[in-house]
Novice: 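I have a structure here, written as structure tokens, and I will follow up with some questions on it.
First listed ligand is number 1; within each ligand, the first listed atom is number 1. The shown structure was predicted, so the numbers you read here are calculated from the model rather than taken from an experiment. Computed over heavy atoms, backbone and side chain alike; hydrogens, waters and symmetry mates excluded.
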Amino acid sequence: MSTTSSLYDAHQAVRLLINGEFVASNATERHPITNPATQEVLAYAPCATAAEVDAAVAAAKAAFQSWRNTPIAVRMRIMLRLQTLIRHNLPRIASILTAEQGKTLADAEGDIIRGLEVVEHACSIGTLQMGEFAENVAGGVDTYTLRQPIGVCVGITPFNFPAMIPLWMFPMAIACGNTFVLKPSEQDPMSTMELVQLALEAGVPPGVLNVVHGGRSVVDALCTHPDVAAISFVGSTAVGTHVYNLGSQHGKRVQSMMGAKNHAVVLPDANKTQTLNALAGAAFGAAGQRCMAASVAVFVGDSKDWLPELVERAKSLKVNAGAEDGTDIGPVISKAAQRRIEELIATGADEGARLLLDGRGVRVPGYEAGNFVGPTVFAGVNTKMRIYTEEIFGPVLVCLEADTLTDAIALVNANPFGNGVALFTQSGAAARRFQSEIDVGQVGINVPIPVPVPFFSFTGSRGSKLGDLGPYGKQVVQFYTQTKTVTARWFDDATVSSGVNTTINLR
Ligand code: NAD
């Protein structure tokens, strides 16, 4: 992998982007960006200094003064160019993403395409950001709303979607007229930086988009910075709660999308082949490192008899480096993540769950150093076990049983997370009842990973989210703008009344 482009400094560290320039950081601390299949160090992510964070925010603040008044058509055309550039560079960026993150090439392309769809939606910002108008709310009085940008917005992103999640954030924020400071995951910021470079090439002016790298010190500096107006966070529950609290205490608008434990409820009338294929794909795809992965299966009634076939499907999945043809499951992001997943698998066995398939100790010829965990299936799980209560974030499916749909709904609703849920059935009545009674923000009906397309919004709920508005779609336009309501009366000299009105009524 070449690190000779303008995105890297002489010591292979990813540069920062401040005021339109890719600059080397003066950091004394840096994080190795490692290929999870080989342990090759691809580059380093510096931990930006306090002065560098200040410079990025100052550049964004200064750029806001003119960018906020840039015509809508100019902003839309930049997004149109960005979508073309991303499409042209897709295979190249996908291979960088696979190298630094580990997922398969096909999934890396999917990561970029799901983000690209948000850029496409941002091309419609003209209609999305329109206000409302009511004529004659009183005699000669009109009321209308303006949706104005709010200033410097910050994005803090996780390792698992280094393309899609940054693209959930900066295109919509910028299209609304805000300026942006992005803090990508220090584990895999290389593909993110390629997208950022394309944004500059598309015409995003200096200072409108800035990037700083680092961990907690950088995140805390951004959450407490007096010139930051809003923060979008996506990542773990522990960090997301910290960011939400710190940002809110400092007067920021914050949205925090966090951890998950997504259930797939299987009714005995479901189409067995489709259901088992969907379950295996959603539980083990991307090595289970998706916030919308199906990590819990709830078999209702006789559908539990399908478990052996599910295990056969899981066994048939090929574990290998993401860059190799035919790979179904790539490595997990780091040795630390691999250790944590393997430790949780051990607790499941210790706590009495039946380990039907054990993915520990998988060896991949040619990639012996990789962070591989094979598909793992537990049966006989109860809601007290750590493999049920904790997000594992690996290719591990835990299976529970319920007697009825009512019991299954109660089980899902008792779990604190609320990111996603799926129901497999051929009964419209069961599906309708489920969508109404289930207390989870994103519901799939015979769809295992129900991530909404960008003209809707991402609507995870309860323990998976803090803040009321979600990423992308109409909700994020609300998040990235302030509504101003104008009530206006224009006097015609011939009809001016001479009386003083001391009431609240408009007359
Ligand atoms: P993470 O919380 O470790 O990191 C997220 C971001 O926070 C990164 O930019 C990281 O540098 C920063 N960070 C890490 N530790 C920090 C600290 N102590 N203080 C301040 N900032 C810190 O998350 P991750 O491991 O990169 O991503 C996986 C998690 O993200 C999973 O829990 C997954 O469910 C969640 N996720 C949620 C969604 C969603 O939409 N709900 C989407 C994707 C991922």
Novice: Let me confirm one number: the CG-CD distance from Asn419 to Glu391, rounded to the nearest 0.5 Å.
Specialist: 8.5 Å
Novice: Could you name the protein residues that come within less than 4.0 Å of ligand 1, counting only heavy atoms, and order them by chain and residue number?
Specialist: Ile156, Thr157, Pro158, Phe159, Asn160, Ile165, Trp168, Lys183, Pro184, Ser185, Glu186, Gly214, Arg216, Val219, Phe233, Val234, Gly235, Ser236, Val239, Met257, Met258, Gly259, Cys291, Glu391, Phe393, Asn419, Phe458
Novice: Please check if any side-chain donor atom of Asn371 sits under 3.5 Å from a side-chain acceptor atom of Gln39, or the reverse.
Specialist: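 Side chains of Asn371 and Gln39: pair found under 3.5 Å.
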Novice: For Phe479, does the six-membered ring have the charged nitrogen or CZ of Lys474 within the cation-pi criterion, i.e. under 6.0 angstrom from the centroid and within 45° of the normal?
Specialist: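 The answer is no; the distance or angle limit is not met.
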Novice: Does the Lys NZ or Arg CZ of Arg15 fall within the cation-pi geometry relative to Phe22 - under 6.0 Å from the ring centre and within 45° of the axis?
Specialist: no
Novice: Using a 4.5 Å cut-off on heavy atoms from C-beta on, say whether the side chain of Ile387 contacts that of Val381.
Specialist: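 They are in side-chain contact.
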Novice: Does any donor atom in the side chain of Arg253 or Gln482 lie under 3.5 Å from an acceptor atom in the other side chain?
Specialist: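 Checked: Arg253/Gln482 side chains pair up, N/O donor to acceptor below 3.5 Å.
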